[in-house]
Amino acid sequence: MCTSLTYKNANDDWFLARTMDFGFELGGRPVAIPRRHHFTSDASAEGFTTNYGFVGAGRNLNGYILVDGVNEKGVGAAALYFNESVYADQPQNGATNLASHEVLNWILGNVTSILDLKEKFKKINIMAVPNSLLKIVVPLHWIVADNTGASVVIEQQADGVKITDNPVGVMANSPEFDWHLKNLNNYVQLNPALHSDKSYGTLVANGFGAGTGALGLPGDYTSVSRFIRTAFTRQHTEVAKDTDSAINTLTHILNNVEIPKGLKIQADGGFDYTQYRGYMNLATPTFYMQPYADQTITKVKLTEALLNSEAPVEFELQAHQQFNEVN
């Protein structure tokens, strides 16, 4: 389970942010992938070679698998769980055949904009190939945004690939994205102001003060509720003035959907929790990672040295909470 959103600050710089909510320990850390990096593939013998460098959260599993990040062209993307996914059983001649867990690497390594994505994705065939870590075909959909603010959601079901423009700048998990958009019609009453007084017969009912406009805002951890909650907070949160305050603002928005350990128990007794939060500055471009165990934010900017490195570069995360000790 995950939640993602786009965001624009007062300087018209765009950002993409996400929570990574999962039960299995993914062990991700910041990773910079250089230009012209060759990825082996579980879906084809030849694999694929990228054009552009990128940085995001990932892990080396006989080759790096990233689940979010931003590339040197200002394209950001995040992979989120999507149970309704249906992938191809057979490779397709003339197409780039990818396993679902390889799609994000391909996007960040080869796409320069949303327009470019829509054109190039016509030659992508997503196959039902198991992931080496989870040992399953990972059901995913993807939110992609560029530094103009354009954003789309990519989903593949039985009727094929669908790339949908994202008018609200939010994405969560199942059901499909179009359903989430329609569900917003059930929450048109939400607003950040006070509700007006209401008359019932001769009785005038008064609200209990500030915040009454958000009565009915769902507070549970289902993807349906997280989508609504994020759309509401994204719409009404004060616009940040610069990059640093934008990252700070995004932390507060995602606070509304972060899942602490123990609050979302699965049928097998395990539980999902927010393993980290990722923030992508599409203007710089820069990746920020905030793990569960240490709320300090680790920042990695794409530099020429990283982009031209001979191999991917990993960055350590702290395993315990850090403090600013003043005495």
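- A donor-acceptor pair is defined here as one N or O able to donate and one able to accept, closer than 3.5 Å; no such pair exists between the side chain of H180 and the backbone of I228.
- L282 and N147 make their closest contact through O-CB, 3.4 Å (heavy atoms, listed as atom of the first residue, atom of the second, distance).
- No hydrogens or angles considered: nothing links the side chains of N248 and S245 as a donor-acceptor pair under 3.5 Å.
- Hydrophobic cluster membership is shared by M280 and F315, with clusters built from Ile, Leu, Val, Met, Phe, Trp and Tyr side chains linked at under 4.5 angstrom.
- With a 4.5 Å cut-off on side-chain heavy atoms, V137 and P130 count as touching.
- Between F121 and W106, the ring-plane angle classifies as perpendicular under the 30° and 60° cut-offs.
- Both I143 and V103 sit in one connected hydrophobic cluster of ILVMFWY residues. Membership requires side-chain heavy atoms under 4.5 Å apart, directly or through other members.
- In this structure, F54 and F39 have parallel ring planes: the angle between them is below the 30° cut-off, well short of the 60° mark.
- Two different hydrophobic clusters hold M127 and L61 under the rule that ILVMFWY side chains link at heavy-atom gaps under 4.5 Å.
- Using a distance-only test at 3.5 Å, with no hydrogens or angles considered, a donor-acceptor pair links the side chain of Q275 to the main chain of F22.
- The closest donor-acceptor contact from the side chain of D68 to the backbone of G56 lies at 3.5 Å or more, if one exists at all.
- The main-chain N or O of E72 is never found under 3.5 Å from a side-chain atom of R35 such that the two would form a donor-acceptor pair.
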Run the salt bridge (Lys or Arg N to Asp or Glu O under 4.0 Å) check on K182 and D178 step by step: do they pass? CA-CA 6 Å; K182 291 178 182 178; D178 283 346; over 6 Å; no
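- Side-chain contact between N281 and V70 is absent, with no heavy-atom pair separated by less than 4.5 Å.
- Between the side chain of T274 and the main chain of T19, no donor-acceptor pair closer than 3.5 Å is present.
- Counting only distance, with no hydrogens or angles, the side chain of T303 and the backbone of L306 share a donor-acceptor pair below 3.5 Å.
- Under the 4.5 Å side-chain criterion, counting only non-hydrogen atoms from C-beta, Y292 is in contact with P260.
- How far CH2 of W179 is from CG of L184: 9.5 Å, rounded to the nearest 0.5 Å.
- In this structure, CG on L250 lies 10.0 Å from OG1 on T233, to the nearest 0.5 angstrom.
- Checked by atom type and distance alone, the side chain of R226 pairs as donor or acceptor with a backbone atom of C2 at under 3.5 Å.
- In the hydrophobic clustering of ILVMFWY residues, with side-chain heavy atoms under 4.5 Å counting as a link, V257 and V224 come out apart.
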side-chain hydrogen bond (donor to acceptor under 3.5 Å, both in side chains), that's the test. Do S113 and D146 meet it? Break it down for me. CA-CA 6 Å; S113 67; D146 66 25; 4.8 Å; no
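- With values rounded to the nearest 0.5 angstrom, I114 atom CD1 is found 13.5 Å from E119 atom CD.
- Exactly one of Q318, Q321, R277, Q322 qualifies for a side-chain hydrogen bond (donor to acceptor under 3.5 Å, both in side chains) with Q295. That residue is R277.
- Using cut-offs of 30° and 60° on the angle between ring planes, the pair F82 and H141 is parallel.
- In terms of modelled atom types and a separation under 3.5 Å, the side chain of N71 and the main chain of V111 share a donor-acceptor contact.
- To the nearest 0.5 Å, atom CZ of residue F271 and atom OH of residue Y221 are 13.0 Å apart.
- No hydrogens or angles considered: nothing links the side chains of R29 and N60 as a donor-acceptor pair under 3.5 Å.
- Within the 3.5 Å criterion, the main-chain N or O of S85 finds no donor-acceptor partner in the side chain of Q156.
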Criterion salt bridge (Lys or Arg N to Asp or Glu O under 4.0 Å) on K118 and D165, from CA distance to verdict: CA-CA 10 Å; K118 290 179 177 179; D165 290 331; 2.8 Å; yes
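- Of the possible donor and acceptor atoms, none in the side chain of N125 sits under 3.5 Å from a partner among the backbone N and O of N97.
- Connection of F208 to V204 is not established within any shared hydrophobic cluster, with ILVMFWY side chains joined at heavy-atom distances below 4.5 Å, either directly or through further cluster members.
- L16 is listed as a side-chain neighbour of T6, based on a closest heavy-atom distance under 4.5 Å.
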